[in-house]
Amino acid sequence: MIIVFGSIALDIVQLVPRLPRPGETILTADYVMLPGGKGANQALAAARAGGDVSFVASVGDDNFGQRALNNLELAGVDLSNIIERTRPTACATISVDSSGENQIVVSSGANLETTADQLEPEAGDFVLQQMEIPLAEVWRGIECAKANGAKCILNAAPFQAIPPEFLGQLDVLIVNEIEAQMLADSLDLRGEELSSVCAQIQDRYDITVVLTLGANGALAFSNEERLQVNVLPVCAIDTVGAGDAFVGAFVAAMSRQFTLDECMAWGTVAGGLACTKPGAQDGIPETAAIRSRLDEIQVSHVG
């Protein structure tokens, strides 16, 4: 079982000719309301990639909450550990420009009331977390996963400093370039390249580190190997949710005992396909779509 412990929100997406500068108002014709939140996105991505998924989160007693849960329900995600809170369902406003770049503001709402007391992992489960709920609950979630014999995966997004004692309890850490640099700074690590920094983190904390590089693919560092994968060739129209699609599909593959290079390929294809449709969840691909593009991914071992 994959237990995703994290955030859920309703996204209000606006397509704009360019992202506004500070103090500037940009006019656009329409907007769409889409389910989102990094936890919900990753739960959906893991389910669509074939994982058996339970989602642990909080929503408000409002219309936004039901809208935010619709896709998860349709994908067969177990929602029995969703709790209605007094705060409103979280909401994100997302502006996407003509090149696909985005700007996001999140109002956390009920996510601030999500606690690790909702978690009930068992040995052999995979507990996947992000950093959009209170940090104290993220750390408690890591401790809970390890105490119960579950594998623990952290997508350090949006980045906040991670105490070394919790880094050392992870099985897998997934970061993008910005998050990797911020983590390096917080740990006072030095290296000319982020790959060197991630290798240091892997060695120091004895965990697997995955570094996503956007259009340049991704890298993985483990005790046994260091891998590099190319990016899936697609015509990107919206990068929102691509990272979440990568993470969800990666963990879905991981839960089926795939090798690290197979997990990287699944994540890379899912992340690439997610860029072909607007919104955080609409572009998240199904298992068949991922399988059909796996032969376009080349995984190489690096020194």
Side-chain angles (χ1 to χ4, degrees), residues 38 42 101-102 126-132 135 138-139 142 145-146 151-233 236 239 241-251 253-254 258-272 274-275 296-303:
K38 296 193 73 64
Q42 292 178 16
E101 289 300 320
N102 63 79
F126 296 78
V127 177
L128 169 60
Q129 299 185 90
Q130 317 77 34
M131 304 182 81
E132 286 185 334
L135 284 183
V138 175
W139 311 148
I142 293 172
K146 299 310 292 183
K151 297 289 186 182
C152 190
I153 304 97
L154 177 65
N155 175 214
F159 182 80
Q160 300 177 73
I162 307 169
E165 61 267 30
F166 295 112
L167 267 177
Q169 294 183 60
L170 299 176
D171 291 283
V172 180
L173 173 70
I174 304 176
V175 289
N176 65 18
E177 294 170 275
I178 294 173
E179 294 149 6
Q181 186 60 64
M182 294 175 74
L183 178 59
D185 293 342
S186 72
L187 296 172
D188 198 28
L189 293 176
R190 296 290 177 264
E192 292 185 4
E193 298 181 357
L194 288 179
S195 58
S196 171
V197 168
C198 288
Q200 292 178 62
I201 294 170
Q202 185 282 316
D203 182 64
R204 178 181 293 188
Y205 298 102
D206 191 28
I207 61 177
T208 296
V209 179
V210 175
L211 173 63
T212 60
L213 300 168
N216 294 312
L219 299 169
F221 306 82
S222 74
N223 283 332
E224 294 79 24
E225 55 192 347
R226 296 182 181 180
L227 305 175
Q228 181 173 9
V229 299
N230 64 303
V231 69
L232 183 74
T239 60
D244 294 334
F246 178 103
V247 173
F250 180 98
V251 177
M254 186 179 171
F258 287 6
T259 61
L260 181 57
D261 60 327
E262 291 172 321
C263 292
M264 291 292 285
W266 274 74
T268 298
V269 171
C275 295
E296 299 177 53
I297 302 301
Q298 297 183 356
V299 182
S300 57
H301 290 75
V302 295

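Note that these values count all heavy atoms, side chains included, but never hydrogens, waters or copies made by symmetry.
The 12-atom threshold is not exceeded at CD1 of Ile178, counting heavy atoms of other residues, nucleotides or ligands nearer than 6.0 Å.
Closest of all the heavy-atom pairs between Lys146 and Cys152 is CD-CB, 4.1 Å. Closest approach of Ser195 and Leu211 over heavy atoms only: N-CD2, 4.4 Å. For Phe250 against Met264, the heavy-atom pair with the smallest separation is CE1-SD, 3.8 Å. Leu260 approaches Leu227 most closely through the heavy-atom pair CG-CD1, 3.7 Å. The heavy-atom pair separating Asn223 from Gln202 by the smallest distance is OD1-NE2, 2.7 Å. The two atoms that bring Thr239 and Cys275 nearest to each other are CA-SG, 4.2 Å, heavy atoms only.
With a 4.5 Å cut-off on side-chain heavy atoms, Leu219 and Phe221 count as touching. A heavy-atom distance below 4.5 Å is not found between the side chains of Gln42 and Val251. Contact of the Pro158 side chain with the Lys38 side chain is registered, since non-hydrogen atoms from C-beta on lie closer than 4.5 Å.
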Decide side-chain contact (heavy atoms from CB on, under 4.5 Å) for Leu187 and Leu167; before the verdict, give the C-alpha distance in whole Å, the side-chain angles of both, and the deciding distance to 0.1 Å. CA-CA 11 Å; Leu187 296 172; Leu167 267 177; 3.8 Å; yes

Stepwise side-chain contact (heavy atoms from CB on, under 4.5 Å) test for Leu154 and Phe166: CA-CA 10 Å; Leu154 177 65; Phe166 295 112; over 6 Å; no

Run the side-chain contact (heavy atoms from CB on, under 4.5 Å) test on Leu170 and Ile162 for me, step by step, so that the C-alpha distance in whole Å, both residues' side-chain angles and the decisive distance to 0.1 Å come before the verdict. CA-CA 11 Å; Leu170 299 176; Ile162 307 169; 5.5 Å; no

Decide salt bridge (charged side-chain N to carboxylate O under 4.0 Å, His left out) for Asp188 and Arg190; before the verdict, give the C-alpha distance in whole Å, the side-chain angles of both, and the deciding distance to 0.1 Å. CA-CA 7 Å; Asp188 198 28; Arg190 296 290 177 264; 3.0 Å; yes

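The backbone N or O of Leu183 lies less than 3.5 Å from a partner atom in the side chain of Ser186, making a donor-acceptor pair. Proximity of a side-chain donor or acceptor of Gln200 to a complementary backbone N or O of Leu189 within less than 3.5 Å is not detected. A donor-acceptor contact shorter than 3.5 Å is absent between the side chain of Gln228 and the backbone of Val302. Side-chain N or O atoms of Glu179 include one that pairs as donor or acceptor with a backbone N or O of Asn176 at under 3.5 Å. A side-chain donor-acceptor contact under 3.5 Å links Asn155 to the backbone of Ile174.
In this structure, SG on Cys198 lies 13.0 Å from CG on Asp203, to the nearest 0.5 angstrom. Between the CD atom of Gln169 and the CG atom of Asp171 there is a distance of 10.0 Å, given to the nearest 0.5 Å.
Side-chain contact annotation: Thr259 with Glu262, donor-acceptor N/O pair under 3.5 Å present.
Checked against Gln298 for a side chain to side chain contact (heavy atoms under 4.5 Å, CB included), the options Asn230, Val229, Thr268 give a single hit: Asn230.
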